[in-house]
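In what follows, a single structure is set out as structure tokens and then discussed.
Quick note on labels: first sequence line is chain A, next is B, and so on, each numbered from 1.
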2 protein chains.
Amino acid sequence: MAARTVEERVQRPSADATRERILFAALDLFSERSFEGASTRLIAEKAGVQQPLLTYHFGTKEELWRAAVGQLFEDLAGSLAERVAGLRGVEDEAVAKLVVADFVRFSAAHPQLHRIIMQECKSEGDRLAWLVAQHIRPLYEGAVALLEPLKAAGKVRDVSAAHLYYLLTGAAATIFVLAPECRLLTGVDPLDPSEVERHVDAVISMLFVP
Amino acid sequence: MAARTVEERVQRPSADATRERILFAALDLFSERSFEGASTRLIAEKAGVQQPLLTYHFGTKEELWRAAVGQLFEDLAGSLAERVAGLRGVEDEAVAKLVVADFVRFSAAHPQLHRIIMQECKSEGDRLAWLVAQHIRPLYEGAVALLEPLKAAGKVRDVSAAHLYYLLTGAAATIFVLAPECRLLTGVDPLDPSEVERHVDAVISMLFVP
DNA sequence: GTCTATAATTAGATAGAC
DNA sequence: GTCTATCTAATTATAGAC
């Protein structure tokens, strides 16, 4: 998001709200229907504005996608950083378990995150390169820094860093990404808060050595 | 695929090959670009035919999608059924480990399977309903029948059936679905045969109690 | 069975009024 | 800042020749 002065904000109080509504609608539709499947007309309709207004605020469809996705990744990074900062002095294994639990809860609260990743990271392209460079690499490096020392100490299962990362993210997120399938197939709503907590426990039991 | 007599096949030897080439191209493009993102013109181009020929052979884009996806799911079901049939008399836990290993290897050899699932099962719609009714439910029930007795015997981690299913499928498939991201992010090619076997071991170590 | 040509619809982006 | 009207290109599907 471009820097903006306080004066500009005060002069255009409603434009910010419009931008936010567009970003919210865009994230929902991009994540459910993919970049190509979500038309700018439908995003505009969901946001309660006319389609050319998206061009006015964001330029192209691609830039709108980056703004919406970037905001979500920043939410995740902020939420994890805040958790780690609040745990200075706590034992490493306990920190890791709390961070993993937070990650699972974030994945449940924001299934759009992994839906976007699953869409854009399965074939090469500009959006994959941008996502990895801007947002995914820092998360991966944070995960490695958190888990590798515990693996060396025998507290996390002995699996190479790449495999461990995809085991963790796949196991944590898939049930929420596929929530509509899960409801139809099993009758269980994975987004129900008690099911989210069961999933937290399940992921931790698979990742950490008892 | 509609039933066809031997006579018809013999009369039109090249039409079958054309159909197969179209199905192959369709599966690749649908799985990489999503249903909306894969244009019938591009599928035709990849198959080396003109676009109206898809209509001739498959009617609509939706029916082409079902034919391509159905064939892949039947491959998986056939491959798992064959493995189970070849293991009559073998101990339950060993059977389950071999079936899980086969499932991981199939996911590596055919990342299209989980790419399609990830695309279509994240929001309600006709394609989700069709996939679950025709293909996913039998797989889920097979997985439950295989793993629930082992869970009761303490040989598989104690997690409810729905969570276990999504833990298994998510952990098994995500690294292959996101192979381009994995290469860029970690430098590891998850489709390398030795990496596939490492992933088999990793999934089994997370799922089964040692 | 496969092609060329094209109809009908929808897409993202632009022009210009207010 | 938001709208209406419209441009150009791309989409799926159809018609009809060979």
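Computed from coordinates, the B/Gln51 CD to C/dG1 P distance equals 19 Å when rounded to whole Å. Rounded to whole Å, atom P of D/dT11 lies 14 Å from atom CZ of B/Phe35. D/dT2 atom C1' lies 10 Å from atom CD1 of A/Ile22, rounded to whole Å. Rounded to whole Å, the distance from NE2 on A/His57 to P on C/dA13 is 16 Å. Atom-to-atom, CG of A/Leu53 to C1' of C/dA15 comes out at 15 Å; the value is rounded to the nearest Å. One interatomic measurement links the two molecules: CZ of B/Arg19 to P of C/dT2, which rounds to 11 Å at whole-angstrom precision. Between B/Leu54 atom CG and D/dT14 atom P the separation is 13 Å, expressed in whole Å. In this structure, CD of B/Glu45 is placed 13 Å from P of C/dC3, rounded to the nearest angstrom.
Dashed line: the shortest gap from a side-chain N or O of A/Gln50 to OP1 or OP2 of D/dT4 is under 4.0 Å. Side-chain N/O atoms of A/Thr18 include one lying less than 4.0 angstrom from OP1 or OP2 on D/dT2. Contact annotation: B/Tyr56 reaches the phosphate of C/dG1 (side-chain N/O to OP1 or OP2, under 4.0 Å).
Note: A/Phe24 and A/His110 fail the aromatic proximity criterion, with ring centroids not under 6.0 Å apart. Ring-centre distance between A/Phe103 and A/His114: below the 6.0 Å cut-off.
Classification of B/Asp102 and B/Arg105 as a salt-bridged pair holds, one side-chain N sitting under 4.0 Å from a carboxylate O. Salt-bridge check for B/Glu36 with B/Arg127: passed, with a basic side-chain N closer than 4.0 Å to an acidic carboxylate O.
In this structure, of C/dT14, D/dA13, C/dG1, it is D/dA13 that holds the atom nearest to the side chain of B/Thr60.
Residues from residues 36-43 of chain A with heavy atoms under 4.0 angstrom of DNA chain D, sorted by number: A/Arg41.
The cationic atom of A/Arg157 (NZ for Lys, CZ for Arg) does not lie both less than 6.0 Å from the six-membered ring centre of A/Phe208 and within 45° of the ring axis.
Screening A/Arg115, A/Arg21, A/Lys46 for a salt bridge (charged side-chain N to carboxylate O under 4.0 Å, His left out) with A/Asp28, the sole residue that qualifies is A/Lys46.
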Under 3.5 Å, which donor-acceptor pairs link side chains of residues 174-183 of chain A to any protein atom two or more places apart or in another chain?
| from | atom 1 | to | atom 2 | distance (Å) |
| --- | --- | --- | --- | --- |
| A/Thr174 | OG1 | A/Gly170 | O | 2.6 |
| A/Glu181 | OE2 | B/Tyr166 | OH | 2.6 |
| A/Arg183 | NE | A/Asp189 | OD1 | 3.2 |

